[in-house]
J.: 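Quick one: structure below, then a few questions.
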Amino acid sequence: MGPALYKSMFKKQISHKAAQFTESVIREMTRLAMEHKAINLSQGYPDFAAPEVLKKAAADAIFADINQYAITWGAKSFRDALAYKTKRFLGIEIDPEREVTVSCGSTEGMIDALMAVINPGDEVIVFEPFYENYGPDAIICGAKPRYVQLRQPDWCFDEAELGAAFNNNTKAIILNTPNNPTGKVFSRDELEVIARLCQKWDALAITDEIYEHIIYDGAVHVSPITLDGMRERTIVVNGMSKTYSVTGWRVGYIIAPPGITGAIRKMHDFMTVGAPAPLQEAGAVALRLPDSYYAELAEHYRIRRDRLLAMLRHAGFDPFVPRGAYYVMCDVRPFRDRWGFADDVEFCRFLVQEIGVATVPGSSFFSEPAAGKDLIRFTFCKKEETLAAAEERLVRLRGRIANVRARS
Ligand SMILES: Cc1ncc(COP(=O)(O)O)c(C=O)c1O
């Protein structure tokens, strides 16, 4: 079959929605990293062990034969533990019977939430740079995304620009704090501006708080659900992946007002039936870990953040210092301008192929790829050995570029 015929058949077979987005760039970088035996500082999953207590709790649950479907919206033990943790950290009471849905990771949670509230013609506001799922999420759920810029160097938004993005069609704003990829932690004042706009325009705040415990330098995580007038218009999407270093368990959750939770639970039920039952039991143990666990987690990542920042500066990068999450965005203009790389994608390919370090091109975090052409993202959720191996390669960067450029 010729390529033209193949292309036209293919076009007929797939949906308009599927045709509107490409494979995840981050997962593609992980594949390239494997192909070139590169150190993978692209995808945000820890390469160190998960907490012993959780692994034991998961194994115990399997041996206790908790191996069949849990209640579709989540095991009672998990929902009760979540209510306990939410009271402890956010200071609010949530009803585990009517306001919680347990999902297959926060990834499913975000889609469930959008599916539950979006109607044709609805718009959602998304800050950019954004976590790359939000674009496809909006398309899958039939929402029209409206992008508002977070501006360097502090990744602040312009109040007037945000205000102008709200209108009568605005159904929700998607917020991610602490933020991937920028490391921004939205301040209470900023969140109050957003809260006022949500109330003015009768919009929802859908907040992805997956990095809530990974914060540095005295930053404080404020959940919009705790702000005046926001309890009944906030949907919190969160999960175990990052806080407990178990990204492969696929256990997430959604906290929403009872009416919305009813709709979310239906979406969740017919999409996945439920999250893994034994891992929800282990999750119930995780959610009751003492405060010291979270303090140690933040310190563990602060050490790695500072390590990565130092080695990036040494290699000639100009990194933005994150206050939360476990990514560092870098301005690559010093390399681009001097050595003539066309854009972030070409620079990332060079890094993975010639230096052996995989990163993510900044353009994948923007609706208009050109807006991210000066940026790349590194992650530091890695073991010391992994960071040390990356350092060994990155110190050779300038010399290697000079060599390769001299030959071409
Ligand atoms: C902002 C953000 N939300 C959600 C996820 C995915 O979380 P989960 O593993 O719970 O699906 C990630 C993973 O990198 C993320 O960075």
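Counting starts at 1 for both ligands and their atoms, following the listed order.
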J.: Using a 4.0 Å heavy-atom threshold (strictly under), name the region of S106 that reaches ligand 1: side chain, backbone, both or neither.
T.: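 Near ligand 1, S106 shows its backbone as well as its side chain.
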J.: Specify the protein heavy atom at minimum distance from atom 5 (C) of ligand 1: its residue, its atom name, and the distance to 0.1 Å.
T.: Y131 OH, 3.4 Å
J.: Taking 4.0 Å as the limit for heavy-atom contacts, which would you say applies to K242 with ligand 1: side chain only, backbone only, both, or neither?
T.: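 The side chain, only.
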J.: Within the structure, is a non-hydrogen atom of Y326 found at a distance of less than 4.0 Å from ligand 1?
T.: no
J.: Regarding E212 and K242, does a basic nitrogen lie under 4.0 Å from an acidic carboxylate oxygen?
T.: no
J.: Looking at R98, I want to see if its CZ is surrounded by more than 12 non-hydrogen atoms of other residues, nucleotides or ligands under 6.0 Å.
T.: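 Result for CZ/R98: open.
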J.: Is R250 close enough to touch ligand 1? Criterion: a residue heavy atom under 4.0 Å from a ligand atom.
T.: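 True for this residue.
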J.: If we set the cut-off at 4.0 Å for heavy atoms, which region of D208 has an atom near ligand 1: side chain, backbone, both, or neither?
T.: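 Looking at D208 and ligand 1, just side chain atoms fall under 4.0 Å.
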J.: Do any nitrogen or oxygen atoms of S241 lie less than 3.5 angstrom from nitrogen or oxygen atoms of ligand 1?
T.: yes
J.: State, yes or no, whether a side-chain contact exists between R323 and P178 at a heavy-atom distance under 4.5 Å.
T.: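 Answer no - side chains too far apart.
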J.: Using a strict cut-off of less than 4.0 Å between a Lys/Arg side-chain nitrogen and an Asp/Glu carboxylate oxygen, indicate whether K373 and E346 qualify as a salt bridge.
T.: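 Answer for the salt bridge query: no.
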J.: Pull out every atom of ligand 1 sitting under 4.0 Å from any heavy atom of G105, numbered as shown with elements.
T.: 10 (O), 11 (O)
J.: Considering all heavy atoms of both residues, which atom of E99 and which atom of E93 are nearest to each other, and what is their separation?
T.: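 What the structure gives for the nearest pair is OE1-O, 4.4 Å.
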J.: Taking only heavy atoms of Y327 into account, list the atoms of ligand 1 that are under 4.0 Å away from them.
T.: 14 (O), 16 (O)
J.: Are V148 and V126 side-chain neighbours, meaning at least one heavy-atom pair lies under 4.5 Å?
T.: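 The answer is no, as the side chains (C-beta and beyond) never meet within the 4.5 Å cut-off.
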J.: Applying salt bridge (Lys or Arg N to Asp or Glu O under 4.0 Å), run through E354 and R349 and close with a yes or a no.
T.: CA-CA 8 Å; E354 300 289 335; R349 284 214 182 102; over 6 Å; no
J.: Check each heavy atom of Y253 against ligand 1 and say whether those closer than 4.0 Å belong to the side chain, the backbone, both or neither.
T.: neither
J.: Rounded at 0.5 Å granularity, tell me how far CD1 in I39 sits from CG in L41.
T.: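 Going from the CD1 atom of I39 to the CG atom of L41 covers 7.5 Å.
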J.: Any idea which atoms of ligand 1 are less than 4.0 Å away from a heavy-atom of N176?
T.: 1 (C)
J.: If we only consider heavy atoms of G239, is any one of them less than 4.0 Å away from an atom in ligand 1?
T.: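 Checking ligand 1 against G239, which is what was asked, there is no heavy-atom contact under 4.0 Å.
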J.: Does an N or O anywhere in Y211 fall below 3.5 Å from an N or O of ligand 1?
T.: yes
J.: Looking at Y301, Y45, Y327, which one forms a side chain to side chain contact (heavy atoms under 4.5 Å, CB included) with C381?
T.: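 Single side chain to side chain contact (heavy atoms under 4.5 Å, CB included) partner of C381 among Y301, Y45, Y327: Y301.
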